[in-house]
Amino acid sequence: MSVYEKEPENTYNPQVIEAKWQSIWRDQGTYNIENNDKREPYYVLCMYPYPSGQAHQGHIRNYTFGDLTVRYRTMQGYGVLSPIGFDSFGLPAENAAIKSGRHPREFTDERIGELKESLMKLGASYDWRREVKSHDPNYIYWNQIIFKKFLDAGLAYRSNAPVNWCPGCKTVLANEQVLADGTCERSGDVVVKRDLEQWFFAITKYADELLSGLEDLEWPERVKIMQRNWIGRSEGAEFSMSIEGRDDLALRVFTTRPDTSFGMTYCVLAPEHPLVSQLTTAEQRSEVESLIERVGSSSDIDRLSTEGEITKRGAFTGSYAINPFNEQPVPIYIADYVLMGYGTGAIMAVPAEDQRDFDFAKAYGLPVIRTVEPPSGWEGEAYSGSGRKINSGFLNGLEVDQAKEQALSWLEGKGIGVRKVNYRLRDWLVSRQRFWGCPIPIIYCDACGMVPVPDEDLPVVAPDDVEFRPTGESPLSYHEEFKSVACPICAKPARRETDTMDTFVDSSWYFMRFCDPWSTGEPFSKQAVEKWMPVDQYIGGIEHAILHLMYARFYVKALCDIGLAPPDLREPFKRLFTQGMIRMEGSKMSKSKGNLVAPAKYYESVGADALRLFHLFVGPPSDDVDWTNQTDNLIEGCHRFLSKVWRLSLDSIASPSTDTIDNLEAKRAGDEAADQTDGQNLGPNRRGSGENTQVDQELIRASHRAIDKVTRDLERWAYNSAVAQIMDLTNQYGKYLREGAGPDSLVLARDTILLLLSPMTPHICAELWERIYGVSQDNTIHHQTWPGADPNLLVSESAMMIVQVNGKLRDKVEVPVGIGEEEATNLILDLPKVRALLDGKSPRKVIARLPNLINVVV
RNA sequence: GCCCGGGUGGUGGAAUCGGUAGACACGGGGGCCUCAAAAGCCCUUGCUCUUACGGGCGUGCGGGUUCGACUCCCGCCCCGGGCACCA
C-alpha cells in the first residue's frame, strides 16, 4: 500500500471525484462558449441522439470520442463549440404511447431526462445552454418556416406518387426505409405499393452538386463511395423510336450504351408506362393486363420472388418499334425488370451486351446480335466489356468508347436524340402519417386550394388531448379540432394537413440552430453560422452514411440558395468520423434486441473514467467492438491502470525525492519565464537544471516521446495506441519513481501523464492536478495548454542497430546514431555470429539503413 | 451479381514510408509481500525442436517482386458492410 492510500481520503474513489468535478463543470459552465469568443473557432459535434432513455454503449462510445476531441482542442487553444440536443420526434415514443396511453411528449421528456443524466455522468462537456430538441415548439416553428420557404422556392412540392406503404405501421416509408427483401425496416411487414398524394423535397435538383461536393470533404472514403453510389449518376443518350403503323406515337428510351444500338432486338416498357395501353393490340391485351395487375398491386417481395420464373415477368404488346440505326422493326414488350421511375421507363434491349436482356431474350426466344467482339475464349453470355465493334454499320471497327461518341453525335445530328445524364437518386418523400413529428404547416381549402399556414399562426403543434388507438393511424387524422380550421384566405371551413414531416427533416439543420439557438428573427443568424460552420469535426455512426448525411447536405445547399444561410457555406460537415458499432454475439446492439449494456453499472463499480478509457483502448475507434464475456475484464484492467496513475501521482507528492508543492510552483513560474525566451516549451516541458543523471535523461526523453506519439495518435484517430503509449510512460515512471530518479524528470513524467490523459479521463486528472498543485478553479488541468514535444529530445544518442544476414535477424548492436556506413560494416563483420554465418566468404553486398539496420548479403 | 472494408498469439489489438512481427492490455503460469486474503510488485507466456547454448517455423491460402514483405503485385478462400433489376 502506498503512503498516501493509508489515509481514507487518499484512496481512488471514482464515484466521489466524478460527482465533484461534474458539479464543478456544470456550475461553472466550463464548456459554455460565447459567439464572440476571441479564440480560433472549432466546432465539434456528435450526432444528436434519439432519446431512448439511459445511454447505451454506442452512445458512450460516440460521446467519449466527442468529449476527447472537445477537451483536446480546447487545450490546444481553440474556442470550441460543443453543443448537444435531442432528436426527440419519432416512432418509438408514439408506439409507447399506443401501448401505455401516455402522451408521447411526457414519455419523450422523461427519456431525455434519463439520457441527459447518463451523459452528465459520463463527464461529457457541453454548452447545455444551446440544447435543441426537435419536439420543442420553438424548433417546430423554424422547421415550419423553412418548409414554407422551400415551398416558395419550389423545393417542396406535392405529388401523387406510388409510395411504399407499410400495412403494419400504416404509413408511407421512404425507399431507404424499405429493406432489400421488400420488408419494413421497423416492423418487418411486407411493404406494398400505393398511390398517394405526398410531399416531396426536390433533392434531385442538387444531384450534381451533392456528387461533386464530396470531393473536398475529409470524410471516410467508404462513406463517400456509398453516397456516390446512392446518387448513381450515369451518362448516356435518350432518343426516340417510331412505332410501326402508329405515326402518332413515339417511344423514348434511355441508354448508357448507344454504341450497342445495332444489337437491339426488342424494346421493353415498364408495366406502368403511359403508352402501354395504346401499344397493346387486342389479342395481347389479356396477357398484358394480367402482368400489369400482378406487378402493380404487388409488393416488391412478390416482384422479387418471381426471380427464376422469368417467363412470367414479361408480356408482348403486339406492337413493333423501329430501330432508327438500321430501320429494323423490333417487338415491344412490357416487363417488370424495367422501372418507371428511372430514365424514361422504357429501354432498348441488347441481349448480347446486357445480362438482364440476355436472360429475358433467352426465355422469350428473342435473337441475340453481338455488337462488341468478346475476348477469345469468352464463356459468359452477355459481354459488357470493351472491344471492337461488329455488326454495327457505321460503327464497325471502332472501340466501344469511340463508338459511343459517334453514336451520340449521329443521334444529335439526326435530331432524334440527346446526351442525357440520369440519377438513381429520387426526390425525398417527407410525408409521414404519424402523430409524433413536426406537422406540415398547410391548410386545404375547397375554394382557395392549398394554403400555407400564415407565419403568425405558427407553430402548428400537435394537440395534447389525443387518443391513441391501436389502429396505427395517426391520431391527428381523427382529431376533429386539429383538423378543422378556417381558411386563412377566405375564412371558410378548411382542413389541416394531418401528415407530419420525416424526422430526418429535424436532423437536417439542427447543427445550424446550435450556432445560435437564441435567435428569434430567423432560424439562426448568418453571423453565428459564418463563425462556426461548417462543423470541423462531426462524429457519429456509420449507419447514417447515406440518409442523414445526404439530407443534411441537401438542406444546407437549399438554405444557402434561399438566403437563410451564408451563400458560400454549401457543405455542413468538413470532417467526418464514423465510429464502429457495438456488437453482441455478432449482431448490432439495439434496444429491440434487448442486448443493451447500460453504463450505470460501470459508473457504480469502476467509474466513468474507466469506462471511457475502455472505449478508447479497446481498439481502433472506427472498428466494431464485440461486447463479450471478456469485456468486463478489460474494463476492470482500465480501472486498475487509473488506480495506478492515482497511486503513483500521489506517491510523488509524498516522496522525499520530489519537490514540495511550493518548490514546484516556484519552478513552474521560473520555467514560464524561461519558456518565453525559447518560445517553445509549454506545460511540462521544463528542461530542468541540466544536472540530470542518465536515468533522468531517459525518463525525460520517454516523456517527450510520449507527448509526440500521443499527439500524432490523437490526430489520426488511433486512440487505442495513444492510450498504450501513456500506459507505457506510466510503467516507466513507476519504475523510475521506485528507483529514486531526480525530481525534474519525475515531475515532468507525472505531469505529462496527467496532461495527456486529461481529455480521455477528465475527472481523475482534474482531481490529481488539484491535489498536486492546489490550483484555483480557473486553473484546473483542463485550463492547461496541451504539451509540445521538444524535437531535440526525440532522438537518442545511441540506437539499437539490427544486424541481418541475408535479410534474417542475427544480432543487435548498440551504436551511436551518427555511425557511418564503413564503420558499421566493419563493426558487424567482426561480430562472432556474423563471422560464423559468413564462413570465410566475403559479403556480396551490404545494405545499410543507419543507424537502425544493416543487412549483409552473402 | 457489383462496390467497399477486413483476416496477425488463448483474447482485444500494435507495427504510421518495404526494415526487430506480436507494443500496450486481457487471460494463463510461477514467485514476493501477508496469519490469511484482497491490493500491489517481480518473472514468464506465438508455435516448435533442444537438458541447455541455440536453432527452425510463423501475420487466411498459393504464387511473384525485393538484400529484406503483415505491408507492394497476381490468383484464390473466408468474414463483415453497402447497393441490388438504375438500362
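Numbers restart at 1 for each chain; the letters A, B, ... are given by sequence-line order, proteins then strands.
For the P atom pair drawn from B/rC26 and B/rA21, the interatomic distance equals 25 Å after rounding to whole Å. The P atoms of B/rG13 and B/rA87 are separated by 38 Å, rounded to the nearest whole Å. Taking atom P in both B/rC33 and B/rC42, the straight-line distance is 15 Å, to the nearest Å. Between the P atoms of B/rG22 and B/rU45, the separation comes to 12 Å (whole Å). Rounded to whole Å, the separation between the P atoms of B/rG54 and B/rG60 comes to 30 Å. Only the P atoms considered, B/rU59 is 9 Å distant from B/rU71, to the nearest whole Å. On the P atoms, B/rC61 is 10 Å away from B/rG9, given to the nearest whole Å. Taking atom P in both B/rC53 and B/rG64, one finds a spacing of 36 Å when rounded to whole Å.
Ring-plane geometry between A/Trp717 and A/Phe577 is classed as parallel, the angle between the planes falling under 30 degrees on a 0 to 90 degree scale with a further cut at 60.
Following rounding to the nearest Å, A/Leu809 (CG) and B/rG54 (P) show an atom-to-atom distance of 13 Å. A/Lys833 places its NZ atom 11 Å from the C1' atom of B/rC53, with the value rounded to the nearest Å. A/Glu235 has its CD atom 12 Å from the P atom of B/rA87, to the nearest Å. Distance, A/Asp624 CG to B/rG5 P: 16 Å, rounded to whole Å. With rounding to whole Å, A/Tyr342 atom OH is found 4 Å from B/rA87 atom P. The nearest whole Å value for the distance from the NZ atom in A/Lys224 to the C1' atom in B/rG82 is 17 Å. Atom CE in A/Met801 sits about 18 Å away from atom P in B/rG19, given to the nearest Å. Remark: P of B/rA87 and OH of A/Tyr266 are 15 Å apart, rounded to the nearest angstrom.
With a 3.5 Å ceiling on both atom-pair distances, the Watson-Crick or G-U wobble partner of B/rG62 is B/rC74. Pair assignment for B/rG22 gives none, since no Watson-Crick or G-U wobble pairing has each distance under 3.5 Å. Base pairing annotation: B/rA69 forms no Watson-Crick or G-U wobble pair, as no partner gives both donor-acceptor distances under 3.5 Å. The nucleotide B/rC83 finds its pairing partner in B/rG1, both defining distances of the Watson-Crick or G-U wobble pair being shorter than 3.5 Å.
Of the candidate nucleotides B/rG40, B/rG19, B/rC83, B/rG40 has the atom lying nearest to any side-chain atom of A/Arg647. Candidate nucleotides B/rA15, B/rC83, B/rA14 were compared by shortest atom distance to the side chain of A/Asn720, and B/rA14 ranks first. Counting only heavy atoms from C-beta on, A/Pro620 has its side chain closest to B/rA14 among B/rG27, B/rA14, B/rC41. Of all nucleotides listed (B/rC83, B/rG19, B/rG13), B/rG19 comes nearest to the side chain of A/Ile847. Listed candidates were B/rA87, B/rA84, B/rG19. Nearest to the side chain of A/Asn855 is B/rG19. Looking at the side chain of A/Arg849, the nearest of the listed nucleotides B/rG13, B/rG19, B/rG12 is B/rG19. Checking B/rU20, B/rG82, B/rA87 against every side-chain atom of A/Met226, the shortest atom distance belongs to B/rG82. Taking the side chain of A/Ile225 as heavy atoms from C-beta on, and the options B/rA87, B/rU20, B/rC4, the nearest nucleotide is B/rC4. When the nucleotides B/rA14, B/rG82, B/rC67 are ranked by their closest atom to the side chain of A/Val857, B/rC67 comes out on top. Distance from the side chain of A/Met727 is smallest for B/rA25 among the nucleotides B/rA25, B/rG40, B/rA15.
Using a cutoff of 4.0 Å between basic side-chain nitrogens and carboxylate oxygens, A/Arg583 and A/Asp624 are scored as salt-bridged. Under the 4.0 Å criterion applied to side-chain N and carboxylate O atoms, A/Lys362 and A/Glu381 are assigned as salt-bridge partners.
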(request) Determine, stepwise, if the pair A/Gln57 / A/His615 fulfils side chain to side chain donor-acceptor pair (under 3.5 Å). (result) CA-CA 9 Å; A/Gln57 294 299 332; A/His615 278 288; 2.7 Å; yes
(request) Kindly indicate, with the supporting measurements, whether the criterion ring pair (Phe, Tyr, Trp, His ring centres under 6.0 Å) is fulfilled by A/Tyr333 and A/Phe360. (result) CA-CA 10 Å; A/Tyr333 280 75; A/Phe360 190 86; 5.6 Å; yes
(message) Would A/Tyr12 and A/His639 count as a ring pair (Phe, Tyr, Trp, His ring centres under 6.0 Å) here? Give the steps.
(response) CA-CA 10 Å; A/Tyr12 176 42; A/His639 172 68; 5.7 Å; yes
(request) For A/Tyr551 and A/Trp230, run ring pair (Phe, Tyr, Trp, His ring centres under 6.0 Å): C-alpha distance rounded to whole Å, both residues' side-chain angles, the deciding distance at 0.1 Å, then the answer. (result) CA-CA 12 Å; A/Tyr551 293 147; A/Trp230 191 260; 9.1 Å; no
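The main-chain N or O of A/Thr260 is never found under 3.5 Å from a side-chain atom of A/Glu353 such that the two would form a donor-acceptor pair.
Contacts of A/Arg738 with the nucleic acid, taken as non-hydrogen atoms under 4.0 Å apart, involve only primed sugar atoms and P, OP1 or OP2. Counting non-hydrogen atoms under 4.0 angstrom, A/Asn731 reaches the backbone sugars and phosphates but no base. Counting any heavy atom pair closer than 4.0 Å across all strands shown, A/Glu636 reaches no nucleic acid atom. Using a 4.0 Å heavy-atom distance criterion, A/Gly232 is classed as making no nucleic acid contact. At a threshold of 4.0 angstrom between heavy atoms, the contacts of A/Ile802 include nucleobase atoms, whether or not backbone atoms are also involved. At a threshold of 4.0 angstrom between heavy atoms, the contacts of A/Asn852 with the nucleic acid are absent. Contacts of A/Arg233 with the nucleic acid, taken as non-hydrogen atoms under 4.0 Å apart, are absent.
Nucleotide B/rC72 carries an anti base; the chi torsion (O4'-C1'-N9-C4 or O4'-C1'-N1-C2) is more than 90° from 0. The glycosidic torsion of B/rG10 lies more than 90° away from 0, which places this base in the anti conformation.
Nearest-nucleotide mapping onto RNA chain B: of A/Gly807 and A/Ala724, the residue sitting toward the 5' end is A/Ala724. Where A/Gln630 and A/Lys808 meet RNA chain B, the nucleotide closest to each residue was compared, and A/Gln630 sits on the side nearer the 5' end.
Between A/Ser234 and B/rA87 there is a side-chain N or O to OP1 or OP2 distance below 4.0 Å. In this structure, A/Lys845 does not reach the B/rU66 phosphate: none of its side-chain N or O atoms is under 4.0 Å from OP1 or OP2. The side chain of A/Arg640 contributes an N or O atom lying less than 4.0 Å from OP1 or OP2 of B/rC26. Look at A/Lys812 and you won't find any side-chain N or O under 4.0 angstrom from OP1 or OP2 of B/rU20. Between A/Asn229 and B/rC83, a side-chain N or O to OP1/OP2 separation shorter than 4.0 Å is absent. OP1 and OP2 of B/rG80 both lie 4.0 Å or more from every side-chain N or O belonging to A/Arg583.
Proximity of A/Leu616 to A/Phe65: side-chain heavy atoms (C-beta onward) are separated by under 4.5 Å at one or more points.
A/Glu739 CD: more than 12 foreign heavy atoms inside a 6.0 Å radius.
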